[in-house]
Structures are given as structure tokens and as C-alpha cells.
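So the structure is just underneath, and the comments pick up after that.
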Amino acid sequence: MSEKKNIARAAGVLGFATVLSRIMGMVRDMVVSRMFGAGFATDAFFAAFQIPNMLRRFFAEGALTSAFVPTFSEWYTQKGKDEARNLANICFTLLTIVMALITLLGVVFSPQIVQLMFPGFNHQAALLLPDGRSITKPELTVFLNRLMFPYIFFISLVALCMGILNTMRHFFTPAISTVFLNISMITCAVFLHNRFDVPIISLAIGVLAGGLLQLVLQLPTLYTLGFPIRPCFNFSHPAVRKIALLMGPAVFGVGVYYLNITVGNILASLLPQGSVSYLYYAQRLFEFPQGIFTVSVAQAILPSMSRQAAAGEMDGLKDSLAFGLRLTLFITIPAMVGLLICSVPIFSLLFMGGEFDYGKVVNCSEALFYYSLGLSLVALVRVLVPAFYALQDTRTPVQVAFVAFILNLLFSLALMGPLRHGGLALASTLSALFQMAMLIYLLRGKIGRFGGRRIALTGGKTLIASLPLAVVVYWIIQFADWSVAGHKLFKGAVLGGAIGGGITIFLISAHILRIEEVSEAAGMLRKRIGRK
């Protein structure tokens with residue numbers, strides 16, 4: 001099987017598993033919005049969860065995966081399975097020790113971290129508890145952060161397991177494991193919220209339990225594939241040193257997008273109450289297509305490019321990268337158009353009700369609109385950065401990321417006044433535009449041409465095919481009044497019809513324009529059906 005088909009097949013498996021996870025994540029957010037709304041408690045929870053979650057994105061899913069997978073693939077290809085198994089055990093043992101220390105430091109220094117990251121919380125009114133006591137927003141945020149900080153310990157080990165499994169071309173288990181996090185959070189919120197004076201504490205307990213469940217799920221699969229985890233303290237192993245050297249700069253290079261979001265949340269704490277929650281809910285919907293497809297492509301393409309780089313197959317690496325970029329544009333451009341048009345209907349249908357009124361719908365949809373403008377940009381960055389790491393170049397993405405981070409900060413400060421939380425979302429999009437353009441330019445200088453004209457042609461045709469989609473979707477959503485609560489079945493039918501009609505007209509347009517990704521997907525589907 002060619003690497004192109006391997007990537008598409010792996011992305012399909014990851015996409016299917018991630019769809020299940022994202023659906024459960026959407027159900028989780030619906031439960032949270034109905035039960036807790038968007039205000040004092042949710043601001044504190046999302047801020048507290050942001051801290052270990054940021055470390056997860058920087059360290060676990062970002063730097064660790066980007067540094068470990070190329071090195072592990074190289075070791076497995078050149079040294080064999082036994083040596084790769086030994087390396088996996090060493091890394092797991094070392095990571096356990098390091099993350100235990102980081103978790104301990106995070107719990108101890110939570111007050112200082114919260115004060116540094118969310119200074120605006122100090123100036124907001126306290127919450128009166130049922131027993132007559134009061135709690136300030138910083139106090140609640142610190143308590144929740146301490147409760148959830150061990151999540152980074154579990155999820156970092158999950159990321160290492162994911163790197164091993166993906167290198168072995170097993171993608172389903174790591175992708176499906178996040179379902180258990182969502183199930184855990186939903187279950188704890190529903191059944192435990194009445195047991196606490198501040199009900200949202202139940203949600204934090206769900207995060208902690210979900211992280212543990214995610215780790216436990218990986219271990220049997222590793223054992224089945226011949227990688228049982230055992231302690232090994234040979235920390236002087238040359239591959240370990242190589243991974244450590246690659247990880248240092250990779251922390252910032254991979255995580256700049258999430259660092260930008262974190263800066264946005266810090267500045268949002270200075271805006272009116274609820275702004276942190278508005279950004280969170282918008283990010284969740286923004287990341288829905290990202291998580292379903294873009295992350296799947298990035299995870300599927302990194303092992304392939306790493307193997308090709310290790311074998312010196314540069315033409316193959318460029319083909320894999322170009323295919324991943326074209327596939328990403330084909331999916332994210334129509335998704336971007338759909339989110340731009342349907343931001344209010346989506347929030348009205350999924351979240352409006354209970355503690356979540358139409359005013360919150362409008363505020364969240366405003367943030368989602370500005371985030372959505374950068375959907376394809378962020379997606380391309382997520383596919384481009386692993387290409388540098390497959391080549392074991394961590395310096396270039398870091399340099400680009402640092403400039404992008406500074407630009408995001410400047411844009412945020414300039415736009416948060418006139419556009420409030422919407423300006424913070426727009427700043428993230430503008431920063432992603434710069435990062436994407438620079439990565440393409442520098443990667444072309446590093447490896448030469450990698451099909452830029454075909455990539456641009458796919459993007460242009462996909463944008464043209466999305467125009468009739470926009471017309472159809474906009475026309476259909478006018479049949480519902482999205483400012484009125486209730487009528488869920490009718491709203492769901494209208495939004496479902498808009499999405500279904502939009503996808504149908506897009507695929508027809510794409511076929512007429514002869515976008516090759518449509519033909520490839522159809523050909524693969526016919527072959528699969530034929531085999532069955």
C-alpha cells in the first residue's frame with residue numbers, strides 16, 4: 001500500500017474515532033452550558049482547566065509527540081522492534097518521574113499561577129455559598145486547578161502511548177480514548193453536582209477520573225502489539241538525549257496556537273464576566289472540524305514522513321506532505337464557510353436553554369465567527385509543523401512561532417478594545433495567517449518544491465465549490481427563528497437540512513470542478529466496498 005493510501009486510511013480511522021469523541025464532547029458542552037451557564041463558576045472552571053490543558057497541548061500532544069515519533073520511528077526502522085521496545089520503556093519511566101514532579105509543583109504553586117494568568121479575576125465580585133460563606137473567583141480557580149492538575153500526568157503518558165501506537169499504525173485506540181474523558185465529565189456533572197456547595201467541582205472530578213481512564217485504555221493495546229510497559233532506568237540512552245534535545249524548542253513551536261489562545265483567555269479575564277466562557281465555547285466548536293479531520297491528518301502523516309525521512313526518501317516525504325495539505329484544504333474550507341454562516345444557529349440549537357440565554361448565544365457566536373476565519377490557516381499549520389519535526393528540525397518552527405506569538409499579543413491588545421472577546425479571537429486568526437505563510441516559505445527553501453501549484457489549485461477550486469454551499473446554507477437557515485428558546489426538533493431539522501444540503505451541493509460542485517480529492521475518496525470507497 002502506498003504512503004498516500006496509508007495516510008488517507010489512517011486519517012479515516014482517526015477521523016471516525018474522533019467523530020465519536022467530538023460528538024460526546026459536544027454532548028458534554030451542552031450539559032455544562034445547561035447546568036452551569038456562562039458566568040462566575042464556568043469562568044473559574046475553564047480558567048483552571050486551561051492550565052493543565054495548555055501544558056497537555058504544549059508538552060504532551062505537542063513537543064513530546066513531535067520529538068518522540070520521529071526518533072522512535074528511526075530507531076524502530078534501523079534497530080528493530082526489541083530496541084524500540086527498550087526505548088519505549090525508558091521514555092515511559094522517565095516521563096512518569098518528570099510529570100510526577102511537574103504535577104506536584106503545579107499543585108503547590110497554583111495560587112501564583114492563577115494570579116499570573118488571570119489577574120482580572122481579582123476585581124470581580126465573590127460568590128455567596130448556600131451556607132452563608134463566600135468564595136472569590138481566584139479562590140475557586142485555585143481550588144479547581146489543584147484538583148485537576150494531575151490530569152497532565154495521566155495525559156502525558158497517554159501521549160507517549162499514542163506515539164508508540166501510531167508508529168505501529170494503530171490509530172483507533174488513542175483517538176477513541178477521549179470519549180472516556182467526556183463520559184467521565186458528563187457522569188460526574190450529572191450525578192455529583194448536588195453534593196458540593198459549588199456544583200462545578202463535580203466537573204473537575206470528572207476531568208481527573210477521565211485522564212486516568214484514558215491511560216488505562218492504552219496499556220492492553222500496547223501489550224497486544226508487543227510493547228508491554230516495564231520500568232527501565234537507562235536514562236543515558238542516546239535516543240533519549242536526542243528526544244530531549246528535540247523537545248525543548250518543540251514546546252513552543254507546536255504550541256504557539258494554544259499559547260495564543262491562553263493569552264486570549266488571560267486578556268479575557270480583564271473583560272466583562274463571562275468572556276472567558278464565551279471564548280471557551282467558541283473554541284470548542286471551532287476545534288470540532290479541527291479535531292475530526294485536521295488532527296487526524298497530522299497524526300497520520302507524521303509517522304509516514306518520519307519513516308520517509310529516516311530512509312532518505314525525500315520525494316516520498318514531499319508527496320505525503322502535499323497530499324496532506326490538499327486533503328486539509330478540501331475539508332476545512334467548506335467547514336470554515338459553514339461555521340461562518342451557522343455560528344448563531346449552532347449555539348442556539350445546541351446550547352440555548354437553562355442558564356444559557358440568547359445574549360450568551362450572540363456573544364459566543366461572535367467569537368466563533370472570528371475564530372472560523374482562521375480554520376484553514378490553523379489546519380495548515382498543524383500539518384506543516386510535523387514536516388519540520390520529521391526532518392528533525394525544531395529550530396525553524398520555534399523562530400516562526402515566537403514572531404507569531406508576539407504578533408498575536410499585539411493584535412489582541414489592539415483589538416480587544418473595539419471588538420472585546422471577538423477581537424481576541426480575530427487576533428489568533430491573524431497570527432495563524434503569518435505563521436502559515438512563513439512555514440510554507442521556509443519549508444520550500446529547505447526541501448524544495450512540494451507541489452505548491454497543485455495545493456493552491458485544490459484550495460482555489462474548493463473555495464469556488466464552497467460558494468454555492470454558502471448560498472444554500474444561508475437560505476435554509478432563514479426558516480427558523482434562532483433567537484427563541486425551544487423548538488429543538490424544528491431547529492434541528494432546519495440546521496440538519498442546511499448542513500446536508502450544503503454538503504450535497506458542495507460535493508456536486510467539487511465533482512464538476514474535478515477536484516481530485518473527491519475522485520480519490522470515491523475510488524477508495526469503491527475498492528473497500530468491492531473487497532467487502
> Could you go step by step and tell me if Phe351 and Asp29 meet the side chain to side chain contact (heavy atoms under 4.5 Å, CB included) rule?
Replying inline: CA-CA 8 Å; Phe351 296 99; Asp29 291 337; 3.6 Å; yes

Would you give the length of the straight line joining atom [atom1] of [X] to atom [atom2] of [Y], rounded to the nearest 0.5 angstrom?
X	Y	atom1	atom2	answer
Leu325	Ser320	CG	OG	11.0 Å
Asn182	Gln214	CG	CD	8.5 Å
Ser509	Ile464	OG	CD1	10.0 Å
Leu203	Met185	CG	CE	4.0 Å
Leu442	Ile447	CG	CD1	11.5 Å
Ser269	Leu267	OG	CG	7.5 Å

Please answer whether the main-chain N or O of [Y] pairs with a side-chain N or O of [X] as donor and acceptor at a distance below 3.5 Å.
X	Y	result
Ser428	Ala425	no
His421	Asn363	yes
Arg444	Leu439	no
Ser184	Phe180	no
Ser343	Phe369	no

Least distance between heavy atoms, [X] atom then [Y] atom:
X	Y	value
Leu140	Ala41	CD2-CA, 4.3 Å
Ser412	Ala427	OG-CB, 3.3 Å
Ile333	Gly459	CD1-O, 3.5 Å
Val473	Gly502	CG2-CA, 3.9 Å
Phe121	Ala47	CE2-CB, 3.6 Å
Phe388	Pro397	CB-CG, 3.5 Å

>> If you apply the rule side chain to side chain contact (heavy atoms under 4.5 Å, CB included), what do you find for Phe286 with Leu375, and how did you get there?
In response: CA-CA 7 Å; Phe286 171 75; Leu375 183 66; 3.6 Å; yes

pair [X]-[Y]: side-chain heavy atoms closer than 4.5 Å:
X	Y	value
Ile440	Ile455	no
Phe45	Val207	yes
Val472	Phe506	no
Leu415	Leu424	no
Leu495	Cys342	yes
Leu279	Phe46	no
Ile512	Ile508	yes
Phe118	Pro138	no

> Between Leu317 and Phe450, does a side chain to side chain contact (heavy atoms under 4.5 Å, CB included) hold up when you go through it step by step?
Replying inline: CA-CA 9 Å; Leu317 183 147; Phe450 51 90; over 6 Å; no

> In chain order, what residues pass the salt bridge (charged side-chain N to carboxylate O under 4.0 Å, His left out) check against Asp357, with sequence neighbours excluded?
Replying inline: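 Testing Asp357 for salt bridge (charged side-chain N to carboxylate O under 4.0 Å, His left out), a comparison that skips the adjacent residues, returns Lys360.
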
> Would the number of heavy atoms belonging to other residues, nucleotides or ligands and lying under 6.0 Å from CZ of Phe434 be above 12?
Replying inline: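 Counting other residues, nucleotides and ligands, CZ of Phe434 exceeds 12 neighbours.
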
> For Phe149, which residues count as a ring pair (Phe, Tyr, Trp, His ring centres under 6.0 Å) partner, sequence neighbours excluded?
Replying inline: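 Ring pair (Phe, Tyr, Trp, His ring centres under 6.0 Å) list for Phe149, sorted by chain: empty.
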
> Less than 6.0 Å separating the ring centroids of Phe347 and Tyr281?
Replying inline: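 Aromatic pair excluded; centres sit 6.0 Å or further apart.
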
>> Under a 3.5 Å threshold, yes or no: a donor from one side chain and an acceptor from the other, between Lys491 and Ser348?
In response: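 Short answer, yes.
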
>> Would Arg326 and Thr462 count as a side chain to side chain contact (heavy atoms under 4.5 Å, CB included) here? Give the steps.
In response: CA-CA 10 Å; Arg326 296 198 309 272; Thr462 303; over 6 Å; no

